[in-house]
Amino acid sequence: MRRGRAPEGLAAPWAEYARSGLLGLLAASATACAWGAEGGSTEYVGGFTGFAAGYLPADPGTYFTSEFYYYDGSVSKLAANGRIAFNISTATYFENLALTQLTRYTFLGGNYGFGVEVPVGYFGGEARIQPLAFDRSAHAFGLGDMALVPLLLGWRSGEWSANFALSIIAPTGEYDENQPVSLSKHFWALDGAYSGSYLTEHGFDMSFSLGYTVNRENPDTHYKSGDVTHLDLAVGQYLNRVFKVGLVGYAVVQVTGDSGSGAILGPFKSNIYAAGAALEYDPKMGGRDVSWQLRWYREFDARNHLAGNAVYLTTDLKL
C-alpha cells in the first residue's frame with residue numbers, strides 16, 4: 001500500500017502512518033509513572049504521537065504496534081498516596097502492546113476503527129516522604145493501566161489527513177495505596193484527541209495531535225486530578241526511500257485544579273513542555289512493510305510536574 005505523500009518515486013510503507021495515526025491515538029495509555037497528576041505527572045503521556053499523526057491507512061485490517069518507552073524525571077515536591085514527598089527522582093521502562101482494527105464501515109463521513117493497548121513494565125522512584133521525614137526508594141513491575149479506543153474515525157482530502165479518537169483508560173494495573181509507587185493511577189479517565197497531518201508528494205510531513213483528558217477520582221486516596229489539555233507536534237522530511245528525520249515536541253497543561261480530601265497541596269496545577277528530534281526507518285522485511293520510529297524529548301519549563309527525558313522506540317506492522 002502506498003500511504004500518505006512520500007517523495008515522488010519512493011516506496012512509502014503504511015506502518016509509520018498506522019502507528020502515528022492509529023495507535024498513537026490510544027493517547028491515554030498510563031505508561032508514565034504512577035505518581036499521577038496526584039503526584040507530578042498527568043494521565044496523558046506527552047509525545048505519544050509523532051510523524052503523520054493525522055493519517056489512517058486506507059486498508060481495513062488489524063494493525064499491531066510494539067512500543068518501548070523510557071522516562072527519567074525529577075521534581076522538588078508533590079503529593080503521593082496521601083503524603084507529601086520531596087526531591088523525587090524516577091525511572092520508567094515500559095513495553096506497550098497495541099492492536100487496532102480498521103473496519104470497512106464509515107461514520108460521520110470517516111472510516112471507523114477501534115483499538116486496545118496493554119502496557120507492561122517497570123517503575124522506580126526515590127523520595128523523602130513526609131510527615132515521617134525519611135528517605136525512601138521503591139519500585140514496581142507488572143501491568144499498567146489498559147487503554148481502550150471504542151471510537152476511531154479518519155478522513156482524507158488531498159494532502160490533508162485527520163482523525164479523531166475517543167480513549168478510555170481503565171485502572172487495571174498493579175496498585176497499592178500503601179506503597180509510594182504503583183504501575184496504575186487507580187482511576188478512570190476519558191480522553192478525546194483530534195489529529196491532523198499535511199503530507200506532500202515530496203515527503204514533507206507537518207503533524208499535530210490536540211486532546212483533552214478528563215480524570216476521575218482515585219477512590220482510595222480521594223484525590224481527583226484536574227483535567228488536562230495536551231498537544232503533540234512533529235515536522236519531518238524523507239531523505240530517501242526509507243529514512244525520515246525531523247523535530248518533535250509536546251505540551252501538557254492542566255486546566256482545572258486538583259480536588260478532593262486527598263489533595264493536600266491544594267489545586268496543584270501542573271504543566272510541562274518538551275522538544276526533541278525523531279528518526280524513522282521504513283524497510284521491507286519478509287515481504288512486509290515495517291516501520292521503526294525513534295523519538296527523543298527533553299522536557300523544560302515544568303510546574304508541579306516531573307521533568308526529564310522521554311524516549312520512544314516503536315515497531316509497526318499489519319497482521
Taking a hydrophobic cluster as the set of Ile, Leu, Val, Met, Phe, Trp and Tyr residues connected by side-chain heavy atoms closer than 4.5 Å, whether directly or through intermediates, do [X] and [Y] fall within one such cluster?
| X | Y | answer |
| --- | --- | --- |
| V118 | F141 | no |
| L99 | L317 | yes |
| F68 | L97 | no |
| F48 | V214 | no |
| L294 | V235 | no |

Self-check item: Working for side chain to side chain donor-acceptor pair (under 3.5 Å), residues Q293 and T314
Solution: CA-CA 5 Å; Q293 190 176 135; T314 65; 5.0 Å; no
Practice problem: Could you check whether the rings of Y112 and F114 sit parallel, tilted or perpendicular, using 30° and 60° as the cut-offs? | Solution: tilted
Quiz item: With under 30° as parallel and over 60° as perpendicular, where do the rings of Y194 and F208 fit, or are they tilted in between?
Solution: tilted
Quiz item: Does the ring centre of Y273 sit less than 6.0 Å away from the ring centre of Y250?
Solution: no
Do [X] side-chain atoms and [Y] backbone N/O form a donor-acceptor pair below 3.5 Å?
| X | Y | value |
| --- | --- | --- |
| N163 | A53 | yes |
| R156 | L56 | yes |
| E217 | S259 | no |
| E95 | V120 | no |
| D145 | G173 | yes |
| S209 | T49 | no |
| S195 | G54 | no |
| N215 | G226 | yes |
| S197 | L199 | no |
| D282 | S291 | no |

If you round to the nearest 0.5 Å, how far is [atom2] of [Y] from [atom1] of [X]?
| X | Y | atom1 | atom2 | answer |
| --- | --- | --- | --- | --- |
| N111 | T103 | CG | OG1 | 7.5 Å |
| D72 | T92 | CG | OG1 | 8.5 Å |
| E67 | D316 | CD | CG | 8.5 Å |
| E159 | F204 | CD | CZ | 10.5 Å |
| L148 | L190 | CG | CG | 11.0 Å |

Self-check item: V45 vs Y312, side-chain contact (heavy atoms from CB on, under 4.5 Å): CA-CA, chis, key distance, verdict
Solution: CA-CA 11 Å; V45 181; Y312 293 85; 3.0 Å; yes
Which pair of non-hydrogen atoms, one from [X] and one from [Y], has the smallest distance, and what is that distance?
| X | Y | answer |
| --- | --- | --- |
| V149 | A165 | CG1-CB, 4.3 Å |
| P57 | Y63 | CB-OH, 3.3 Å |
| V248 | A234 | CG1-CB, 3.8 Å |
| K318 | T62 | CG-O, 3.5 Å |
| L102 | D59 | CD1-O, 3.9 Å |
| N96 | P119 | OD1-CB, 2.9 Å |

Within a strict 4.5 Å, meaning less than it, do heavy atoms of the [X] and [Y] side chains meet?
| X | Y | value |
| --- | --- | --- |
| E299 | N309 | no |
| K185 | N218 | no |
| D191 | H230 | yes |
| T229 | L210 | yes |
| L306 | Y71 | yes |
| R295 | F51 | no |

Quiz item: Looking only at side chains, do Y212 and D227 share a donor and an acceptor under 3.5 Å apart?
Solution: yes
Quiz prompt | Test ring pair (Phe, Tyr, Trp, His ring centres under 6.0 Å) applied to Y93 and Y69, step by step | solution = CA-CA 6 Å; Y93 304 84; Y69 173 77; 9.7 Å; no
Please check if the number of heavy atoms outside [X] that lie under 6.0 Å from its [atom1] is greater than 12.
| X | atom1 | value |
| --- | --- | --- |
| R216 | CZ | no |
| F300 | CZ | yes |
| F107 | CZ | no |
| Y198 | OH | no |

Exercise. Step by step, work out the side-chain contact (heavy atoms from CB on, under 4.5 Å) result for T172 and L143.
Key: CA-CA 8 Å; T172 57; L143 292 174; over 6 Å; no
Quiz item: Hey, is D258 close enough to K224 for a salt bridge, meaning N to O under 4.0 Å?
Solution: no
Exercise. Determine the sole option in V311, L313, L279 for which the side-chain contact (heavy atoms from CB on, under 4.5 Å) test with W296 is passed.
Key: V311
Exercise. Decide yes or no on side-chain contact (heavy atoms from CB on, under 4.5 Å) for W155 and F164, but give the supporting numbers first.
Key: CA-CA 9 Å; W155 303 268; F164 174 80; 4.1 Å; yes
Quiz item: Can you list the steps and then say if E280 with Y238 is a side-chain contact (heavy atoms from CB on, under 4.5 Å)?
Solution: CA-CA 9 Å; E280 183 172 307; Y238 273 103; 3.8 Å; yes
